[in-house]
Every structure is written in structure tokens, then in C-alpha cells.
*Asks:* 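Would you mind keeping the following structure in view while I ask a few things?
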2 protein chains.
Amino acid sequence: MIVLDLKDARPLYEQIVERFKHLILCGVLPEDEKLPSVRNLAMELSINPNTIQKAYGELEREGFIYSVKGRGNFVSSNHNLKETKKEELKQQILALVKEGEGIGLTREDIVTLLQNGT
Amino acid sequence: MIVLDLKDARPLYEQIVERFKHLILCGVLPEDEKLPSVRNLAMELSINPNTIQKAYGELEREGFIYSVKGRGNFVSSNHNLKETKKEELKQQILALVKEGEGIGLTREDIVTLLQNGT
DNA sequence: CTAAGTGTACTAGAAGTGATAGTACACTTG
DNA sequence: CAAGTGTACTATCACTTCTAGTACACTTAG
């Protein structure tokens, strides 16, 4: 379910966070689905349980999952998360487009890009 | 000319590199313009000369500037750099759009975004 | 030629972050 | 009760960033 890239410059816990965010936003992990336990996932990925805990802590802080002592971590409702993520993506795209305008990349170029991928 | 954000999570040398890249790509710094000397800029920014040297080394490695011993660092020709940067931006935008499609962000949404900024 | 300014290279150390290792405790479930 | 779970804590190692200081070769202005 989770794949790590040790050659990636980003920290392991960050990769785990991002991977779970994606799985949750795309609906692969439905609401109230139980995530792998801290110790299980650590075993599976051959990394330290503390690293998983750090990732889960971050996911909880950002509202993607909720945690129940003694039972496990579970997926939160993802409707609001989706809308937030959509807005975030739009702002990121807009920022890139604006950066491009400074060096001669037109909005027509972008529309063309969206149409045929070049 | 260069402004540092100490609260930024990114390393100082990386901020310097990005700032100069922007100034060069946008034409603020024309071809063969002389950059501030390592020691001068370090003084001005109140940071260590080694940090400037690291930034200049990176800019040279990436072809944005060239260095002449005893004289200084100078801006390279920026035509190819611009084209490369444009392609890079287009790929980044495309990647974000594809990510958005997975959670229900349509290409029409993007076109609307480009038209009126929302 | 000399002095000042320049790029470059190197070592050393402080501080912060990421990851590991190990332990401990409270809670839930079977 | 036993096993599995989340959580918290300390200690340690490795790596990166940044600073500090030194040294040397080159170019230019005087």
C-alpha cells in the first residue's frame, strides 16, 4: 500500500504522509477505514515505529485521520479535505502561471498545454 | 537586490540561488552583467561568504552564471535557460492538473481559473 | 611592481533535523 | 489476563546547513 523511495531527498515520514493523503483524497481509503498499526507498518517498511508515529501525528494534525487509543488510526471524513486540496492546487497552478508570464509564457500556451499535453 | 527570509525553511544558499535565477530569467540582470563579489554580498546580507560561494557554485553548475578567477561572476546568455524554464514550468503545471483530476478538478476549472483568477 | 579585490579550496565546529533504538505506560479487544 | 494498540520519553548517530578562519592564485588599479 505504501512505497518508500530511499533515494528521495524528502524525509521518510513526509513521503508516508503524502502517500496517505493521496490515498485518502482519491477515496482508495474510505471514511473510518483503519490504517495499519504503527508497529505493523514499521515492520512492513523496515523502518522505525517512531517514523510512522511522526507521520500519523502529522496526518492527524492536518485532519486527515483521527486516532483512538488502544484501537488504532482511522480515516476522517474527506469531503472538506477535497475542497481544501482543490483550492490549494488551483493556487499552486496560478502561481506557476504567473511565474511563467514573467518569462514569456502566455495563458494561450497553457490552454494549448491542457488540450494536447505539450 | 537580494532579500533573505530567515523564517523560510529553505537554506539560505537555496534562497539566493532562486532569487538570482529569477533576476536572470526576467532580464533584470542582463548577459555578462557582473554579480556582487562573494565577500561584498556576504557583508551586505550579514551572512558567511561560504554561503554565497555555495550559491554561486550552484548557479554556475546550472549554467546561469560563469566565473572568472580574480575578476568575478557574470551572467550567462539566458535564451536557452528561458526555454528550459518554460518547459519545466509547463511540466509542473501539467503534473498539478493531473493530480487535481484525481479528486475531481476538471480542465474547465483550470481554464476558468486562468480567465478570472478563481 | 605593489596592493587591493577577486574566486577558490580547505579544515573545524555549532546547531538543527531525520532516523534509529529502547523503554515504558495506558487503553481496547478477544 | 494476554496481545495488540497509541503515546511519550530519552539517548544516540548521521547528515545538512551555516559559520569561522585560513590560505593561495589570479586580475586590476595605482
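What you see below is based on every heavy atom in this structure, not just the backbone, and it leaves out hydrogens, waters and symmetry mates. All figures in this text were calculated on a predicted structure; none of them were measured in a lab. Chain letters run A, B, ... following the sequence lines, proteins first and then strands; every chain starts at 1.
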*Asks:* Between D:dG4 atom P and A:Asn73 atom CG, what is the distance in whole Å?
*Replies:* 18 Å
*Asks:* Between CD of B:Glu99 and CG of A:Leu89, what distance do you get to the nearest 0.5 Å?
*Replies:* 5.0 Å
*Asks:* At their closest point, which heavy atom of B:Leu25 faces which heavy atom of B:Asn78, and how far apart are they?
*Replies:*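 In this case the closest contact between B:Leu25 and B:Asn78 is O-ND2, 4.3 Å.
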*Asks:* In whole Å, what is the span from the CZ atom of A:Arg39 to the C1' atom of C:dG22?
*Replies:*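 Nearest whole value for this atom pair: 12 Å.
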*Asks:* Which heavy-atom pair separates A:Pro36 from A:Leu41 by the least distance, and what is that distance?
*Replies:* CB-CB, 4.0 Å
*Asks:* Do we see a donor-acceptor contact under 3.5 Å between the side chains of B:Tyr13 and B:Asn48?
*Replies:* no
*Asks:* Among the nucleotides C:dT6, D:dT19, D:dC26, which one has an atom lying closest to any side-chain atom of B:Leu12?
*Replies:*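 Nearest nucleotide to the side chain: D:dT19.
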*Asks:* How many whole angstroms separate atom NZ of A:Lys34 from atom P of C:dT28?
*Replies:*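 It is 15 Å, rounded to the nearest whole Å.
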*Asks:* Please confirm whether the shortest side-chain N or O distance from A:Ser37 to OP1 or OP2 of D:dT5 is below 4.0 Å.
*Replies:*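 True: A:Ser37 side-chain N/O within range (under 4.0 Å) of D:dT5 OP1/OP2.
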*Asks:* Measure the distance from CG on A:Leu41 to P on C:dA19 and round it to the nearest whole Å.
*Replies:* 14 Å
*Asks:* Grab the two heavy atoms, one from B:Lys86 and one from A:Leu105, that are nearest each other, plus how far apart they are.
*Replies:*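 Result for this residue pair: CD-CD1, 3.9 Å.
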*Asks:* Can you check the A:Ile65 CD1 to D:dT7 P distance for me, whole Å?
*Replies:*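 Computing the A:Ile65:CD1 to D:dT7:P distance gives 8 Å.
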*Asks:* Between atom OH in A:Tyr66 and atom P in D:dT5, what is the gap in whole Å?
*Replies:*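 For the pair A:Tyr66 OH and D:dT5 P, the rounded distance is 16 Å.
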*Asks:* If only side-chain N and O atoms count, and only distance matters, is there a donor-acceptor pair under 3.5 Å linking A:Asp109 with A:Thr106?
*Replies:*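 Side-chain D/A pair, A:Thr106 to A:Asp109: present.
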*Asks:* C:dT29 P sits how many Å from A:Arg71 CZ, rounded?
*Replies:* 5 Å
*Asks:* Report the residue (A:Lys69 or A:Arg10) whose heavy-atom-nearest nucleotide on DNA chain C is the more 5′ of the two.
*Replies:*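 On the 5' side of the pair lies A:Arg10.
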*Asks:* From D:dT5, C:dA19, D:dT17, pick the nucleotide closest to the side chain of B:Tyr13?
*Replies:* D:dT17
*Asks:* Pull out every residue in residues 44-59 of chain B that has a heavy atom closer than 4.0 Å to any atom of DNA chain D, ordered by number, or say none.
*Replies:*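 B:Ile47, B:Asn48, B:Asn50, B:Thr51, B:Lys54, in order of number.
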*Asks:* Taking all non-hydrogen atoms of both residues, which atom of B:Gly63 and which atom of B:Leu81 are closest, and how far apart?
*Replies:*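 Looking at all heavy atoms of both residues, the shortest contact is O-CD1, 3.7 Å.
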*Asks:* Please report the distance, rounded to the nearest Å, between CG in B:Leu4 and P in D:dT19.
*Replies:* 9 Å
